[in-house]
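Encoded as structure tokens, the structure appears first; notes follow it.
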Amino acid sequence: SLKDRHADEREAIFKTMETLGILAIEPLLDALVQEKSMQIRANLIKTISSLKEVTLDYFVPMLSDERWFVVRNVVSILGERKSDEAVEPLISASQHHDPRVRREAFLALSKIPSARSRRSILSAFEDTNSAVLAVASDIAANLGIREALPYLLKMVRKSEPYQTIELEPRSKAILAFGRLSPGRAFNDLAAILERRGLLAGGEPTEIRVSATLALGFSGNDKAMELLQQLYNKDPKAEVREAAKRAIGMINSRTAKTASE
């Protein structure tokens with residue numbers, strides 16, 4: 001097992017496999033299927049994706065494998081390759097019956113910037129799986145996909161079709177909404193934090209923490225005032241800590257702007 005070997009020894013094995021080229025593909029894929037360590041899996045995926053002798057035509061048929069984890073592995077490899085030719089196969093994989101494959105497909109598409117991949121990423125907001133919805137918000141925020149704002153707003157407000165949205169994807173949506181549209185987001189973030197009164201904690205703590213952190217992307221005086229109130233008075237230590245971080249974000253951004 002690669003996990004039982006020393007890091008230097010594993011690195012030597014990976015380098016040897018790279019020199020073997022196409023001859024190494026089968027043992028590397030077998031090792032990837034069996035490996036549980038996320039770090040070693042990442043190294044295996046990186047090594048496999050570097051084997052340029054192995055073309056896209058080799059991997060595409062494997063996307064039809066009945067084992068979801070095999071498909072997920074291939075999707076990860078295609079994403080690491082960052083090839084435009086992989087976009088269409090990855091879009092097909094984003095419609096896989098297993099949400100773990102769909103989630104990985106959207107992550108892979110996010111590594112290949114194109115109008116086609118961006119449109120596909122937006123379709124992730126129509127998924128019913130919480131993990132897929134959560135990663136969709138992360139991707140939208142990281143890539144600056146403002147076309148996602150209508151979806152994010154509905155997730156923040158728990159509007160149709162997100163009335164029963166779970167905590168994680170809603171938390172991610174709150175952060176993404178605050179990051180992509182800080183001015184527009186203020187009223188909704190404040191509503192979350194002030195629901196039933198500032199101190200009552202009408203929303204779950206995880207949601208209130210996300211809304212507090214999202215205020216850190218804003219630069220207006222109202223956001224800073226609300227953050228100061230949260231830091232000084234909120235009964236939840238997690239919210240007070242989030243307020244401290246958000247205030248630090250604003251102050252750091254203000255100082256950077258002043259120095260430019």
Side-chain angles (χ1 to χ4, degrees), residues 2 13-15 17-148 151 169 172 176:
L2 286 169
I13 292 172
F14 289 137
K15 287 184 177 180
M17 289 295 187
E18 287 179 8
T19 63
L20 289 174
I22 196 168
L23 297 176
I25 187 65
E26 291 297 336
L28 284 171
L29 287 171
D30 289 341
L32 184 57
V33 167
Q34 299 173 32
E35 187 55 58
K36 303 298 182 185
S37 165
M38 293 297 292
Q39 181 179 358
I40 296 175
R41 281 177 50 79
N43 287 333
L44 283 165
I45 289 169
K46 182 178 179 180
T47 301
I48 295 170
S49 67
S50 71
L51 302 177
K52 302 305 181 185
E53 303 96 325
V54 186
T55 65
L56 184 69
D57 291 339
Y58 178 89
F59 293 111
V60 169
M62 299 174 70
L63 293 173
S64 300
D65 197 288
E66 294 181 355
R67 296 165 294 177
W68 70 266
F69 49 89
V70 170
V71 181
R72 181 200 60 189
N73 291 344
V74 173
V75 164
S76 299
I77 293 165
L78 295 182
E80 191 65 29
R81 283 198 159 188
K82 302 178 178 66
S83 167
D84 290 339
E85 295 178 349
V87 170
E88 291 303 325
L90 288 172
I91 289 174
S92 296
S94 74
Q95 300 167 31
H96 195 272
H97 64 85
D98 194 295
R100 290 166 290 192
V101 174
R102 298 199 300 274
R103 178 183 182 278
E104 195 66 33
F106 288 121
L107 283 170
L109 284 165
S110 73
K111 299 176 181 179
I112 310 173
S114 72
R116 189 79 176 92
S117 60
R118 286 170 72 97
R119 285 196 297 271
S120 180
I121 288 166
L122 285 173
S123 74
F125 288 100
E126 299 172 7
D127 205 290
T128 57
N129 181 265
S130 290
V132 175
L133 287 173
V135 83
S137 293
D138 280 344
I139 292 171
N142 291 334
L143 296 185
I145 304 177
R146 293 182 59 82
E147 296 91 335
Y151 297 104
K172 297 280 191 179

Checklist line | E85, CD atom: more than 12 neighbouring heavy atoms under 6.0 Å | finding: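 Not more than 12 within 6.0 Å, no.
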Notebook entry, point to check: Do any N or O atoms from the side chain of R118 and from the backbone of P113 form a donor-acceptor pair under 3.5 angstrom?
Noted result: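 Pair absent, no side-chain N/O of R118 close to backbone of P113.
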Can you see which heavy atom on [X] is nearest to which on [Y], and at what distance?
X	Y	result
I48	F59	CG2-CZ, 3.9 Å
A136	A124	CB-CB, 3.7 Å
P89	L78	CB-CD1, 4.5 Å
S94	S120	OG-OG, 3.8 Å

Next item on the list: Please step through side-chain contact (heavy atoms from CB on, under 4.5 Å) for the pair V71 and D98, ending with a clear verdict.
Entry: CA-CA 10 Å; V71 181; D98 194 295; over 6 Å; no
Notebook entry, point to check: Would L44 and N73 satisfy side-chain contact (heavy atoms from CB on, under 4.5 Å), going step by step from the backbone distance to the final call?
Noted result: CA-CA 10 Å; L44 283 165; N73 291 344; over 6 Å; no
Is any side-chain heavy atom of [X] less than 4.5 Å from a side-chain heavy atom of [Y]?
X	Y	answer
R72	H96	no
P99	R102	yes
L51	L28	yes
S123	F106	yes
V101	L63	no

Margin query: Between S114 and V87, does the side-chain contact (heavy atoms from CB on, under 4.5 Å) criterion hold? Intermediate values first, please.
Written below: CA-CA 9 Å; S114 72; V87 170; 4.3 Å; yes
Margin query: E104 vs L107, test: side-chain contact (heavy atoms from CB on, under 4.5 Å). Steps then yes/no.
Written below: CA-CA 5 Å; E104 195 66 33; L107 283 170; 4.2 Å; yes
Note to self: Check this for me: does any side-chain nitrogen of one of E80 and K46 sit under 4.0 Å from a carboxylate oxygen of the other?
What the structure shows: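 The answer is no: the pair does not qualify as a salt bridge.
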Checklist line | No-hydrogen, no-angle side-chain donor-acceptor test under 3.5 Å, R100 and N129 | finding: no
